[in-house]
There are 2 protein chains.
Amino acid sequence: MNITPTNIRWLSSCCMMVGLYASSGAWANEILATVTSPGKVLSVTVQRASDGRLAYEVQRKGKQLIAPSRLGFLLSNAPPLDSGFSLDSQKVTSHDDTWEQPWGERRYVRSRYRELRVDVVQKDKLSRRLAIVFRVFDDGIGFRYEFPAQPQLAEVKITDELTEFVVAPPATAWWQQAGEVWALEYPVQKSRLDEVGMANTPMTIRTNDGTHIAFHEAALVDYASMWLRKVEGQKLRANLAPSAFGPPVQRQAPFTTPWRTMQIADSAPGLYMSDLILNLNEPNRLGDVSWVKPSKFVGVWWEMHLEKSSWGSGERHGATTKNTRRYIDFAAKHGFRGVLVEGWNLGWDGNWSGSGSEFSFTKAYPDFDLEGLAAYAAKKGVRLIGHHETGGNVARYEKEMDAGYQLYARLGVDSIKSGYVTDAGAAVYTGPDGSTHFGYTDSQEGVRHFQKAVTEAARYKIAIDTHEPVKDTGLRRTYPNWLTREGARGMEYNAWGNPINSVDHEANLIFTRMLSGPMDYTPGILSLEGVKGRPINSTQAKQLASFVVIYSPIVMAADLIENYEKYPGPFQFIKDVPTDWADTLVINGEMGEFATIARKDRNSENWYVGAVTDGSARTLDLPLSFLDPQRSYTAEIYRDGDKADYRNAHRFDIVIEKKQVRASDTLKLRLAPGGGQAIRLAPAPY
Amino acid sequence: MNITPTNIRWLSSCCMMVGLYASSGAWANEILATVTSPGKVLSVTVQRASDGRLAYEVQRKGKQLIAPSRLGFLLSNAPPLDSGFSLDSQKVTSHDDTWEQPWGERRYVRSRYRELRVDVVQKDKLSRRLAIVFRVFDDGIGFRYEFPAQPQLAEVKITDELTEFVVAPPATAWWQQAGEVWALEYPVQKSRLDEVGMANTPMTIRTNDGTHIAFHEAALVDYASMWLRKVEGQKLRANLAPSAFGPPVQRQAPFTTPWRTMQIADSAPGLYMSDLILNLNEPNRLGDVSWVKPSKFVGVWWEMHLEKSSWGSGERHGATTKNTRRYIDFAAKHGFRGVLVEGWNLGWDGNWSGSGSEFSFTKAYPDFDLEGLAAYAAKKGVRLIGHHETGGNVARYEKEMDAGYQLYARLGVDSIKSGYVTDAGAAVYTGPDGSTHFGYTDSQEGVRHFQKAVTEAARYKIAIDTHEPVKDTGLRRTYPNWLTREGARGMEYNAWGNPINSVDHEANLIFTRMLSGPMDYTPGILSLEGVKGRPINSTQAKQLASFVVIYSPIVMAADLIENYEKYPGPFQFIKDVPTDWADTLVINGEMGEFATIARKDRNSENWYVGAVTDGSARTLDLPLSFLDPQRSYTAEIYRDGDKADYRNAHRFDIVIEKKQVRASDTLKLRLAPGGGQAIRLAPAPY
């Protein structure tokens, strides 16, 4: 009456896999390996179930945060890599180094973690190997899979990545839908974590004991973007963005997956202070990148969104030589480095549902003298910022890109805003056989393209600002010419959005989208209105604060010239505020409610502070302890007026005042409903 | 300052699609067409948004039940079929006919509906056409897409079906996870609808006003299975099961998709009374199917699950000639038509993780005399039931299937239980180029295979009972030799499950899984115990009731011979109960709590009643108004004893008694905790 191996196998195939993974099936796992963060805040164990499935578990300060969560893959060209694993070896190593950013939120970044490498092998006829590498910091965790070179799995076609995240304590989530080409521009929504459907990343949660976790990924290279799909309860699973070419991921081994990341902190500010995503990316591969210039720009753009002029040609054409000269003159006068001009090139007219097949990257409209304007700008100490609207036609853009870069490089244009408005509803790719494929921009093929666009641009010393991009996963560290991107609802939604951006939009962005990297948010709409004068959910002071709280190394002051001329007071802050920082401190903040961020200019001793709130008025303390205690500072304060309120005409009420302050002082920041505050702190000379 | 077409296009691409489909964006849609069910219970409108997206809305009794919900597709080989649509034509037709089932829950089925056909065309350069056809019954709705033959879309590769189901009133869901090869064997869970992750179908919900909806699909042919993925709130979207060959669906036009179905009723019993799924399937294509024999069987099976014998060879081998003769004798003695024998064939020994590559479909183990046993059975008036365990290796099975069918046909075996225990964790398929692919059983390729296995079997007049199958979508109407299938947690989980089946399992199954069609549930475990004597969550009376409430035209009385011999009283009901019905009435029931079903034998004037409850004791009224008022009936009642309780040894307490009853009587059914009741009602002769 003994059980034979066959019986055990049969039973295990029938019931073990179901019993263990369905609903609340208890894990009774063998611990394969453990690693603890340098400061002993976080610990990870890698576990093995009786059928050889792998899982990891995360504890924080001795409490379970991530319950045992599955690891593995389903493949379309080979049996699953999901069970039957045995430990081959494990190794823990310690790392602590500090590296310098060419530009960024802070100049020096410390990377201090312990790494656990677990090599496993499937005990069956194929004996396939896989490694999982965990890097455990005090403020978060990254882990990735390594597919080694092995003849029995040379080509890897991944149907499903089975990586799960089972959050142990009940939690609230701030999340965006995934699963649409345009999903990165969906609003952030707040719900119970167990009400999340399929989310993009970063997705931030707060557990009932106040622990904050941001789920994301780092170093997304030649792989599909990861969405997070709810399985049941608080169990989420990686859902790889579909490919138009077959399984979501097709690679030749050896290769590594992107890092699956969890930034973990006691507070929302703690999340933002984490450099986990950058630390998990590879160092700069471009060498000297002094040609990448953080800076501000203005341009022919908001006027089209306001329907005052058009992208297309004709008498309403915005991108005319005359209009552009006006912006160049304005930029020169006020110290902006760049002038963006959209709609300069052939292809904007008629029905461009042919998926961007009409856009030229080299031919200007006759009323736009590209060469002359480039020369005029240079004479004025200004540069044109290039614009490549691809219409989402990656196939065509990859053919034309080089000519476009060459032209711009010859004219001294050293940064390009690229656009992927997939008018056809999908991005267009070319297969190896020349066939046309339609798909997501966050597919493996999309990921490849965006990286190619950036690395090809680097050959011409051109920096890229991608709109309608794949999400940011910290690749700016490796390719510092990937300056910024859109990838969320920008200011343009305040022109024509239905609805426009909500009053808590910035407070949501800071602790969700902004955890991934810079955003070209195009702040500074001092007119506080969109199309047909529809008011936006902001005060003037909040517009200024956005230059500090929404980080981007290249920032558009987006409003019309006449509006900046109308409001010279607040405009002064926009002129003053830099876009490259020596350091960044998040003073306070709560998910979706408010945030105060202080940043130190990288090229002076000045500090800048921005504070934003949602629809609620707030008074926040700003201890100035970050200032040099040896010096006195002049604080130039741009604050909401006493009656300021985003809901009425007092949204324009702004008070600009100066105070002398020291590090021992604490300022009270009084934020109006929908308001904000911006402060420039300049030390008195020694 | 007029808006140019280009501008409108740009704005619409940027904002309209986001505004309309994100979060609570209000639809202000043009109504393209409307159709109302014959009894005016349900109505459907098809709508068009300003960007030409299509949606449908469902009202029941004048109240919105399904809010505007998206229709359309993303394709990998062509631009999306999701917007830019205009109405080409619409047409409403009425249908009312009654058809006869060769076997089933009821002999005659009425199909009464109004059909709305909407032909739409995309107003762009491609002018592609699509049709959506709604069939609106009083008890539910089916709709499907028709891809017409058109040169500009001859080959259709579907990345995503965008069909959505936005449930308007707050609702509770009874659902099973989808997204695993084994998901059909996951437990049913109950949660708020907005907590559903990705569900299989049928998924049943109950709105806060008591309306019940079962979401499912009908006529799943050459297409991927539909899972339902939560988008946000109560919005679900079709999620096509991934293919191992590329996009989830690849078809040549013209073709139609499966029907997306909603059975809709005021109560759980109302759902079960609906014939929507069958009505949406094509009529019988096999002609005379008198060779398909509803019947009961016993067999060499439960003893392996109890670890009393083994599937593999050796001294514990269950499928021996001697043991099988014992079952044949038992079947003959007690009137069972069939004897199933698992483990009769070569391939069960050793490590069969080679994905079923060792199973023979023609070669018996030496200790199993297949030919002699078939002859012995025939002599006794019994038939062997064939068994084909494929190990999920579809590729190999499709090569060997014919030889297996031939052998069985020659030996008079006219039904086969097939198994797809994907020991490798995935089904194995062969590509057109001979390459091996691994994937889901509910993929398009899996769907194709299961249908092929059934239609090929029909050539040999063999009926199929599929285990580890694709879900049932009513194809038994078209292929009546597809007798039954597993596709849920069967009794076997009570042998070795971790956990075993919950006490509310039957009450869940009836109003979820059983809405899709018959299930080979293998009831009748009078010993009430699994491996090592572990008790199951049932009384003896509930085991008997399961023969009535869990419908299958071919039913295994699954317990060991010695247990039936030990309990001759309750065994009598198992011997009496038929498996083919003239009519079925659901007397009462609540989701996951209890159900009482009365069925009339197709071959006599007898009625059979089964009632089951969850862990709660209940007293239910059974009005006998379904009986012939002209006649008196003997009720043979198998009820829980007064102390009966599934939680203790009184689970064996059963009272068997007779009563004379008439149609005007109402019986009180007293169900113990975890109990049930079974009744046979036989009329006195005229």
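The chains referred to below are lettered A, B, ... by the order of the sequence lines, with proteins before strands, and numbering in each begins at 1. The basis for the numbers below is simple: all heavy atoms, side chains too, and nothing from hydrogens, waters or symmetry mates.
- Here B/R229 contributes atom CZ and A/N239 contributes atom CG; the two are 7.0 Å apart, rounded to the nearest 0.5 Å.
- Contact tally against chain B (heavy-atom pairs below 4.5 Å) for A/G197, A/S243, A/A199, A/G314: the top residue is A/G197.
- Looking at every heavy atom in both residues, B/V196 comes nearest to A/K230 through O-CD, 3.7 Å.
- Using a 4.5 Å heavy-atom cutoff, the side chains of A/V231 and B/Q177 are in contact.
- Within the 4.5 Å cutoff, the side chain of B/M198 has no heavy atoms near those of the A/E232 side chain.
- Between chain A and the residues B/Q176, B/K157, B/R192, the most heavy-atom pairs under 4.5 angstrom are made by B/R192.
- When heavy atoms are compared at a cutoff of 4.5 Å, A/L75 approaches chain B solely by way of its backbone atoms N, CA, C and O.
- Among B/P80, B/A183, B/A244, B/G246, the residue making the largest number of heavy-atom pairs under 4.5 Å with chain A is B/P80.
- Chosen from B/N77, B/L236, B/L162, the residue pairing most often with chain A at heavy-atom distances under 4.5 Å is B/N77.
- If you tally non-hydrogen atom pairs under 4.5 Å between each of A/V181, A/L74, A/D194, A/T436 and chain B, the highest count goes to A/D194.
- Only the side chain of A/P242 comes within contact range of chain B, with at least one heavy atom under 4.5 Å from a heavy atom of that chain.
- Heavy-atom minimum distance, A/Y440 versus B/T159: CE1-CG2, 4.4 Å.
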